[in-house]
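In what follows, a single structure is set out as structure tokens and then discussed.
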Amino acid sequence: MSELAKAYEPHLVEDKWYAWWQDLGLFRADPSSQKPAYSIVIPPPNVTGVLTLGHVLNNTIQDILCRHARQTGHEVLWLPGTDHAGIATQTVVERRLRKEEKKTRHDLGREEFLQRVWEWKEKHGGIIINQLKKLGCSCDWGRERFTMDEAYARKVQEVFVDLHAKGLIYRGKRMVNWCPVSLTALSDEEVIPKPQKGYLYHFKVEVIEKPGTFLEIATTRPETIMGDTAVAVNPKDPRYTGLIGLHVRRPLPLENQAEIPIVGDEAVDFEFGTGVLKVTPAHDRVDYEIGLRHNLPVIDILNPDGTLNELAGEDFQGLDRFEARIEAVDKLKELGVLVKEEPHENNVGFSERADVPIEPRLSEQWFLKYPKTAEARDAVRNHLIRFFPDRWEKVYDHWLENIQDWCISRQLWWGHRIPVWTKVEAGSSNGTATADTRVQVDSPGDDWEQDPDVLDTWFSSWLWAHDTMDEATRAKFYPTSALVTGPDIIFFWVARMIMAGLEYTGEVPFREVYFTGIIRDKQGRKMSKSLGNSPDPLDLIAKYGADGLRFGLLRIAPQGQDIKFDEQQIVEGRNFCNKFWNACRFRLLHGPVDPQADPARHELSPFAQNLLARLDATIRRVDEGYAAYRFSEIAQALYEFVWSDFCDQFIEAAKADFQSEGARREGTLATIDCVIRRVLQLLHPYAPFVTEELWQGLGFGPTSIMQTPWPQTAGWSDDPRAPQFFEAVSHARNLRATYNVPSNKRLAWRIEPAAGWLQSELPVLSVLLHAESLETVASAPPGSAACPTAIGTIYLPLAGVVDPAAEIRRLAAEMKKVEAEIEKVARKLASESFVQNAPADVVAEHRQRQQDWINRLAELERARTALG
RNA sequence: GGGCGGUUAGCUCAGUGGUAGAGCGGCAGUUUUACACACUGUUGGUCGGGGGUUCGAAUCCCUCACCGCCCACCA
């Protein structure tokens, strides 16, 4: 390619290069490689999922790490896959079934329904995978895994069997979080507390043994009164001590106003409400505990779907729990025992998936007592695993410290079936008999029935880091190098993976964990479908290119901080890619690029030398950024170098060098070629497509840029002439703007040089000032505006435009400002405590600054004198 | 109730003891032969409030306020 299009057009090149990389096998990980390993397992997105900005952030970071690792000489494995996402997927398919065929899963039966889910998965499950490819993710697709793959699923069940054998998995009837919509138990982590506005209902009951004595009870859930089996007070509460052991009459249901005891229990907070608690062991965790302590009967008045059953009495049977609440209040009113209803806000646990209040329910479930909790805590405490940012270590530690057993069984069909088998007794299949059970993966025989429940999705995800790999792969790539994920799944996934890793591999599953921020909209709200504030990343890719999206997003993603998304940032990412594209385009106007260009073999201008030093500094900044997972800083460093140092300053200055042939021109071309090459390499992890397009287009190929080594610093030192020069240019341009000279007006500039080296750089100054002419003078030309700079005093002679009086006023104003600066520094230096206590270099710096200002003042004074 | 994060220019954010910064926006000018997805210049801030440490604080300490998140069985 000898010519580039005027603007970078991503849609013309992205698919091409992605396919090429894949054809060359550049994403493939070779376990037999001698290179050091670098590996990441993808946090598997839900198979039902479509790409969100959160995925874009997360996966772009992983891709950056992987591409950077390849460039730094590692054999890289980025292992992709998807998660079967039990409830989410089952819900999606059930919804379709209802909509399209007006059927429920029960109409189809288990086998047929699962068949449908698999069909759905085959048809739609790959969407997010293709979207990741659009984004440029360099995953080893040949190793794509699914959490229900046969081998993986078997492993999940084996782990169940193993943990059961170790006594860590047990079956028990316990209080669980029940979702009345999904009709399954949930883990504590799947319950989201939400503040709810409701009422605190006060009602009174009479103490049977002391007629005329009433207890007032405050409750938010009057619909559970029918399940009450006691009333509790705190034994230390002086108001009620005499009443413990006596009885009250439960008001509902009307046909069964049972006598229930008053018990004393420490769990009752006598500050709250009336200090009297109704105890419903079947429908409240605390009440259940109280019930156990006092041997209270358990009356379960709810059906699994949240409606009330026959135990609730005829007035309530069949009502939904929220209808029942209203009905219960009405009945209390009718009985004349309702004292008051006061508005009350409290936290109610909601089902994460179905978004309805969960119901505490006594239920027979499988539980896991977590293995290796102490070791898992130590691994992070002792930094065998490092968290970035490290503040999440505390959150992790705290959770492990207070860890509760994990309810792992789900009353769903889609998922890993629990490997527990029960012997079917001929003629008595009601399950009440203590049947013979076996815990094993394969069926013991035809007359054995498998437990109908499946395992929590996360019970399979926690093996993801190691059981997605075969033995050879694991030998090379496990433990993985890094995990990139959101802090919202630190308990769901990260902590559990660490425990599973320690239990089953004896090693930590990853060395470093990077927690991304959460992407919010401009108002700081979470992205959500219902709010419609979540832009489709595919639209953004279509508009700005994958590189623009990646670079724009990463540039505003500070470590561990939530990100307020603004499309303008993506526009800037796109603009940046285009900026660099055009810099390369400019280069091609002056002949073909030399891929081997080495500026060290040329005589270099101060600008070239300085640019190379700035490049070295940029490489250092970028390297530091990678070491500390500071992705926005890397992007920012590259942005600043390319836009300011390279384009705004160097290339503009280089235009003078291209006006003639010679060594100067050759040195500048070599510098540009070298810088472009380095920048392409440095930028490649962030913007893989445009960098490959340019790499090939400029002739750095034919090897892919993916396979080229990471740039090293070359030991260039700053040339102080360059910044002085550019600052002077800035001052001079400022002077022109002050007198409202239009940018396109060419002027006859003059300069009184302060440095000998300037002579050879006058053509550059002339170009940068867009001058008609530029001559050196020995003193101020008459009638000129003057601008003292470090490289000399620059004069703008514009007879008839600059009124000498105006210029004198301007100079006077500037002198005043300079005097103020001198005064400021002088005050500081006059302070003895400062001079004595501050480090010598700081004091010297102040002295130097003071001298600079004094020199400038003298220059201004001289210019004013020259004007008369 | 505990814990964590945040508060710096109109906006998004850098800046962990030494002259308060960047990008965008705004304003003014420019089709200067890489780029109008651009260039040039410029305007914006008692660094949330108060106290302390220090020669010196956006930066360290204390405290308060507000915003956000996480954990926790107050019915």
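We name chains A, B, ... by the order of the sequence lines, and we start the count at 1 in each one.
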Using the [atom1] atom as the point on both nucleotides, what is the distance between [M] and [N], in whole Å?
{"N": "B:rU7", "M": "B:rU42", "atom1": "C1'", "result": "29 Å"}
{"N": "B:rG56", "M": "B:rC64", "atom1": "C1'", "result": "26 Å"}
{"N": "B:rC11", "M": "B:rG26", "atom1": "P", "result": "15 Å"}
{"N": "B:rA58", "M": "B:rG25", "atom1": "C1'", "result": "24 Å"}
{"N": "B:rG2", "M": "B:rG23", "atom1": "P", "result": "44 Å"}
{"N": "B:rU8", "M": "B:rG45", "atom1": "C1'", "result": "7 Å"}
{"N": "B:rA75", "M": "B:rG15", "atom1": "P", "result": "41 Å"}
{"N": "B:rG21", "M": "B:rC61", "atom1": "C1'", "result": "26 Å"}

Report task. Could you tell me whether the side chains of A:R285 and A:N177 share a donor-acceptor contact shorter than 3.5 Å? Result -> yes

Using a 4.0 Å heavy-atom cut-off across all strands, classify [X] as base, sugar-phosphate, or nothing.
{"X": "A:S632", "value": "nothing"}
{"X": "A:Q836", "value": "nothing"}
{"X": "A:D287", "value": "nothing"}
{"X": "A:R574", "value": "base"}
{"X": "A:N734", "value": "sugar-phosphate"}
{"X": "A:N346", "value": "sugar-phosphate"}
{"X": "A:E832", "value": "nothing"}
{"X": "A:K6", "value": "sugar-phosphate"}
{"X": "A:R736", "value": "nothing"}
{"X": "A:C577", "value": "nothing"}
{"X": "A:P839", "value": "base"}
{"X": "A:L277", "value": "base"}
{"X": "A:I651", "value": "base"}
{"X": "A:R630", "value": "sugar-phosphate"}

All N/O donor-acceptor pairs, side-chain side in residues 631-642 of chain A, below 3.5 Å, sequence neighbours left out:
| unit_1 | atom_1 | unit_2 | atom_2 | d |
| --- | --- | --- | --- | --- |
| A:E633 | OE2 | A:R630 | NE | 2.9 |
| A:E633 | OE2 | A:R630 | NH2 | 3.2 |
| A:Q636 | OE1 | A:R555 | NH1 | 2.9 |
| A:Q636 | NE2 | A:E640 | OE2 | 3.0 |
| A:E640 | OE1 | A:R621 | NH1 | 3.0 |

Report task. Using chain A heavy atoms and a threshold of under 4.0 Å, write down where along RNA chain B the contacts begin and end, 5' to 3'. Result -> B:rC4 to B:rA75

For the rings on [X] and [Y], is their centre-to-centre separation under 6.0 Å?
{"X": "A:F607", "Y": "A:F725", "result": "yes"}
{"X": "A:F515", "Y": "A:F387", "result": "yes"}
{"X": "A:F551", "Y": "A:F576", "result": "yes"}
{"X": "A:H344", "Y": "A:Y199", "result": "no"}

Query raised in the report: Partners of A:S831 by side-chain hydrogen bond (donor to acceptor under 3.5 Å, both in side chains), sequence neighbours excluded?
Result: A:S833

Query raised in the report: By side-chain hydrogen bond (donor to acceptor under 3.5 Å, both in side chains), which residues pair with A:E567, not counting sequence neighbours?
Result: A:K543, A:Y544

Report summary line: Of A:K394 and A:R849, the one whose nearest nucleotide on RNA chain B sits closer to the 5' end is A:K394

Report summary line: Sorted by position of nearest nucleotide on RNA chain B, 5' first, the leading residue of A:V842 and A:Y8 is A:V842

Requested in this report: Mind telling me if B:rG50 is syn or anti? Syn here is a glycosidic angle within 90° of 0.
Outcome: anti

Requested in this report: Using side-chain contact (heavy atoms from CB on, under 4.5 Å) as the criterion, list what pairs up with A:L769, not counting sequence neighbours.
Outcome: A:V729, A:A732, A:R733, A:W749, A:L765, A:A771

Report task. Using the side-chain hydrogen bond (donor to acceptor under 3.5 Å, both in side chains) rule, take A:Q404 and A:W399 through it: C-alpha gap first, then chi angles, then the decisive distance, then the call. Result -> CA-CA 9 Å; A:Q404 305 287 319; A:W399 185 73; over 6 Å; no

**Report entry** Stem segments of RNA chain B by first residue number [Watson-Crick or G-U, under 3.5 Å, at least 3]
**Finding:** B:1-7 with B:65-71, B:10-13 with B:21-24, B:26-30 with B:38-42, B:48-52 with B:60-64

Query raised in the report: Does NZ or CZ of A:K655 come closer than 6.0 Å to the centre of the six-membered ring of A:F586, within 45° of the ring's axis?
Result: yes

